[in-house]
Protein chains: 2
Amino acid sequence: MTTTHHVAELARELSRSLTEMRSYLRRHMQCKIKEHQLDISFELVEILAYLWRKDGVNQQEIADIIIKDKSSTTYLIDNLVKRDLVKRVEDGNDRRNKLIYLTPEGRLLQEKFYPPVIALFETATQGIQVAAMEKAILLINKMNDNLKQSL
Amino acid sequence: MTTTHHVAELARELSRSLTEMRSYLRRHMQCKIKEHQLDISFELVEILAYLWRKDGVNQQEIADIIIKDKSSTTYLIDNLVKRDLVKRVEDGNDRRNKLIYLTPEGRLLQEKFYPPVIALFETATQGIQVAAMEKAILLINKMNDNLKQSL
DNA sequence: ATATATTAGTTTGAATTCAAACCAATTTAT
DNA sequence: ATAAATTGGTTTGAATTCAAACTAATATAT
């Protein structure tokens, strides 16, 4: 096996491990959602999680953060609006924009989800050093830069 | 910010970077698919890619490798069967199993896709050392083990 | 030997996802 | 100033995904 193929193999393996991790995270969150008997999907919680940190952002920002395309984001935000968890507000500075704000109900959900989310990440990172994680992030971000530039 | 929250934050950031990478890989592959004017989806190619290395595996194995649930795998394999790229063969050793084999057409596609897949991973890993990649894989697999054990 | 639990694959229903096309608003180029 | 390009969000269509339920086959427990 040449070096090239070895690297390709590692990249493939990395991609697979990443997919697996994503899958586990999703499953765990689904368990939490069930425990709390909440009628909400993992994908909606994902958006809410970002809004809990900072709301009043436009849809494109949300799409960038959660790595989904515009139409998926519209679909999910429509859903959140329907459940009265967020509201859309026109942006006075740029009429193309819709700013997404949490409603009081949307904020309340944070109490239910914040501790389990933290616990989940703690579980995931048990026995792993901060420095190692930082290196992994840098590596993947480097890969993402490489891929981004060739699109 | 406490250490716990710092780690949770890094885990979140890692998860996002991973999702981003997955998204880029998918987009790149879509470009290749378009270039070759092939009527096939990224998800189907993903399965074929594993079969090119080793066919004659049951569906559950495929599902494990591509990290999808059983029903999604059935759906995609149905699709591949419909396009005459793979065939299902009953497993004499265990009647529950269906073994999935490539057809001659399915094999032919390898020529089209193998070089661009390698090129893609090369692009992704440019400027990245093998040792660093191996460390990242180990780290993510450790995280996956942690998550798996608590499901 | 029989009952129970587990496994592989299928079916069903609904949610999610993306690509493509579109429109209005804004930015950039001429 | 005007034309062209880009951007944010929406709509549409089809593919994909998962959860839940199911059946037949196999493994495990009694």
From the 5' end of DNA chain D to its 3' end, which nucleotides mark the outer limits of contact with chain B, defined by a 4.0 Å heavy-atom distance cut-off (strictly under)?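 With heavy atoms of chain B under 4.0 Å away, the range is D:dA15 to D:dT26.
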Name the residue closer to the 5' end of DNA chain C, choosing between A:N79 and A:N93 according to the nucleotide with the nearest heavy atom. A:N79
Using heavy-atom distances to pick each residue's nearest nucleotide on DNA chain C, tell me which of A:K70 and A:E46 is more 5'.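 Between the two, 5'-proximity favours A:E46.
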Write down the distance between [atom1] ([X]) and [atom2] ([N]), rounded to a whole number of angstrom.
{"X": "A:D94", "N": "C:dT26", "atom1": "CG", "atom2": "P", "value": "5 Å"}
{"X": "A:E90", "N": "C:dA25", "atom1": "CD", "atom2": "C1'", "value": "11 Å"}
{"X": "B:L76", "N": "C:dT10", "atom1": "CG", "atom2": "C1'", "value": "14 Å"}

Look at atom CD of B:E134 and say whether more than 12 heavy atoms of other residues, nucleotides or ligands are closer to it than 6.0 Å. yes
Mind checking [X] for me? I need base, sugar-phosphate or nothing, with any heavy atom below 4.0 Å counting as a touch.
{"X": "B:D69", "answer": "base"}
{"X": "B:T74", "answer": "base"}
{"X": "A:N58", "answer": "sugar-phosphate"}

Ring-face cation of B:R12 near A:Y50 (centre distance under 6.0 Å, axis angle within 45°):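 Cation-pi check for B:R12 and A:Y50: passes.
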So, [X] versus [Y]: side-chain donor-acceptor pair below 3.5 Å or not?
{"X": "B:Q126", "Y": "A:N146", "result": "no"}
{"X": "B:Q149", "Y": "B:D145", "result": "no"}
{"X": "A:N141", "Y": "B:S17", "result": "yes"}

Heavy atoms of A:W52 and A:G106 approach each other most closely as NE1-O, 2.9 Å
On DNA chain D, compare the nucleotides closest to A:S71 and A:N97; which residue's is nearer the 5' end?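 Counting from the 5' end, the first nearest nucleotide belongs to A:N97.
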Examine C:dT7: is either OP1 or OP2 under 4.0 Å from a nitrogen or oxygen in the side chain of B:Q59? Give yes or no.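 Answer no for this pair, as no side-chain N or O of B:Q59 is under 4.0 Å from OP1 or OP2.
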